Peer 1: 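Structure incoming, see below.
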Amino acid sequence: MNFQPDEEDNLYRDKLRAIAAEYGWQEMRALRDEAEELHLERFSFEFQNRLGREGLIGLTWPAPYGKGARVDQQFLMAEELECQGFPGYGLTSIQRGGGMLLRSGSEEQIAEHLPHVADGSWVYCQGLSEPGAGSDLLSLRTRAVREGDEYVINGSKLWTSTAHHANWCSLLVRTDPEQSRHKGLSLLLVDLKSPGVTMQPVWVLGGWHVNAVFYDNVRVPAKNLVGQENQGWKVITGNLDEERAMSFGGTETRLLCARLIHRLQERADTLGESDLERLGHFIMELEADRLLYLRVGLQAARGEDTSGSGPMSKVYGSELAQQFVEWAAELLGRETLYQESEDVLANDLEQQVRVATVLTVIGGTSEVQRNIVATRYLGLPRSN
Amino acid sequence: MLDERWTPEVEEIGDALRRILSAESSPEQVRKAEAEENGRDAALEQTLAEFGLGDLRRVDI
Ligand SMILES: Cc1cc2nc3c(=O)[nH]c(=O)nc-3n(C[C@H](O)[C@H](O)[C@H](O)COP(=O)(O)OP(=O)(O)OC[C@H]3O[C@@H](n4cnc5c(N)ncnc54)[C@H](O)[C@@H]3O)c2cc1C
């Protein structure tokens with residue numbers, strides 16, 4: 001057991017720390033504003049490109065695209081990024097696109113896409129959920145039919161994050177209508193500028209928008225099939241594992257908690273025993289969240305199954321984020337939530353009340369994650 | 001490198017302790033000890049002391 005990172009473990013964390021120091025508070029806030037202006041979740045193109053130039057995208061990928069870094073080195077870097085308040089979602093979403101290709105893509109796909117992922121110039125989104133196929137993803141109905149060297153896609157996806165600024169969508173479609181559930185699905189890389197792709201914004205509580213994306217006779221070259229035809233589920237489960245290995249709110253909450261403690265120092269004498277008891281409780285829970293989150297990454301690095309521990313970390317972190325921010329807003333005064341104010345911390349807490357709610361749905365709802373913990377982690381039988 | 005797992009040495013200690021307790025601290029033995037005035041099981045305490053339970057703090061986890 002070792003929770004004490006050494007100099008080598010901290011190599012990329014320290015690199016990120018040095019970049020962060022260059023930005024300073026105002027510039028870092030400007031990156032967050034960029035996400036808001038673009039209606040994106042925690043995403044800054046400027047910062048993304050900077051990370052690309054510094055070689056910090058896809059750290060664990062083999063050369064020439066990545067640095068062959070260890071997962072714990074990447075974990076510490078990503079943690080630093082969020083702890084410093086930088087937008088982290090962009091990095092994880094494009095890395096997911098690159099990771100998928102390295103796991104399942106053809107040599108040509110890797111050669112075409114990876115350089116653009118690694119330098120931060122191409123953005124990827126994930127088109128899985130549909131109206132009526134969210135938790136029950138396997139009932140999805142978007143179809144792709146092979147016609148010569150192309151697939152023709154018809155259907156619609158809902159909740160596609162980042163699609164309005166993405167170059168590519170990893171689209172899960174049904175290619176064999178005779179088969180059901182996880183059989184007969186395929187994964188296609190779709191250029192979002194293709195004729196027949198249209199989008200509508202769907203605003204979410206957090207303040208950004210996701211998208212309803214419609215595919216109307218969209219033609220995609222057959223070479224954009226990732227993995228084998230009808231084996232798309234195998235491809236996408238890797239993405240889902242990677243998604244659940246993200247920090248869903250816990251790391252951001254640690255930063256908010258630290259900022260709140262600084263604020264409370266000014267008025268420590270007004271705090272009661274129960275406030276201090278709650279604060280102590282959250283500090284412990286945030287520590288537990290960090291260990292759950294770290295465990296998923298380390299297990300994945302060893303090639304172990306994370307299908308039970310990933311959801312455990314996800315549900316714990318997102319619900320903790322929600323509980324913390326509600327308490328913090330209460331402590332600073334309920335009006336924090338309703339008034340426009342110059343107070344940056346109050347505004348961030350108000351935003352986080354909304355964001356944290358979204359985090360319990362995005363990537364799979366808490367109810368569904370709990371079901372997965374029961375079946376995959378505890379090995380309990382499924383109810384029929 | 002960060003590692004959230006117990007070392008093999010710690011796992012070994014856990015396994016050995018589990019073996020002792022399942023042999024020498026069965027539910028019947030626990031009930032018997034509870035029925036004693038001081039609630040203690042001198043034989044078990046002796047075995048655990050010989051096992052080196054008191055020295056465990058020094059093990060590198
Ligand atoms: C902000 C945001 C971004 C997202 N980004 C993406 C994206 O980029 N790409 C993408 O493909 N998807 C995305 N999603 C979709 C997300 O994965 C789904 O919203 C989620 O899986 C839930 O599906 P649903 O919305 O259809 O709700 P439903 O599945 O209809 O669920 C409705 C309610 O029923 C409960 N429920 C459903 N099934 C069960 C069950 N078996 N047991 C107990 N309770 C159950 C749920 O917990 C929930 O409370 C995003 C969602 C949000 C909110």
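Letters A, B, ... mirror the listed sequences (proteins, then strands); counts begin at 1. Because the structure is a prediction, the values reported are computed rather than measured.
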Peer 1: Report yes if some heavy atom in the side chain of A:Leu294 is under 4.5 Å from a heavy atom in the side chain of B:Leu2; otherwise report no.
Peer 2: yes
Peer 1: How about CZ on A:Arg103, more than 12 heavy atoms from neighbouring residues, nucleotides or ligands closer than 6.0 Å, or not?
Peer 2: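 Buried by this count: over 12 neighbours within 6.0 Å.
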Peer 1: Spell out, as yes or no, whether a donor-acceptor pair under 3.5 Å connects the side chain of A:Asp6 to the backbone of B:Met1.
Peer 2: no
Peer 1: Using non-hydrogen atoms and a 4.5 Å limit, figure out which bit of A:Gln4 sits close to chain B: side chain, backbone, both or neither.
Peer 2: backbone
Peer 1: Show the nearest heavy-atom pair for residues A:Phe3 and B:Glu4, with the distance to one decimal.
Peer 2: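 That closest heavy-atom pairing would be CZ-CA, 3.8 Å.
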Peer 1: Is the number of heavy atoms from other residues, nucleotides or ligands under 6.0 Å of A:Arg259 CZ greater than 12?
Peer 2: yes
Peer 1: Under 6.0 Å from the NZ atom of A:Lys15, do we count more than 12 heavy atoms belonging to anything else shown?
Peer 2: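 Yes.
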Peer 1: Can B:Arg5 and A:Arg302 be said to form a side chain to side chain contact (heavy atoms under 4.5 Å, CB included), step by step?
Peer 2: CA-CA 12 Å; B:Arg5 296 167 302 176; A:Arg302 295 192 296 266; 3.3 Å; yes
Peer 1: Could you check whether atom OH of A:Tyr377 has more than 12 heavy atoms from other residues, nucleotides or ligands sitting under 6.0 Å from it?
Peer 2: no
Peer 1: Which atoms of A:Leu291 come close to chain B, meaning under 4.5 Å heavy atom to heavy atom: side chain ones, backbone ones, both, or neither?
Peer 2: neither
Peer 1: Answer yes or no: does atom CD of A:Glu54 have more than 12 heavy-atom neighbours from other residues, nucleotides or ligands under 6.0 Å?
Peer 2: yes
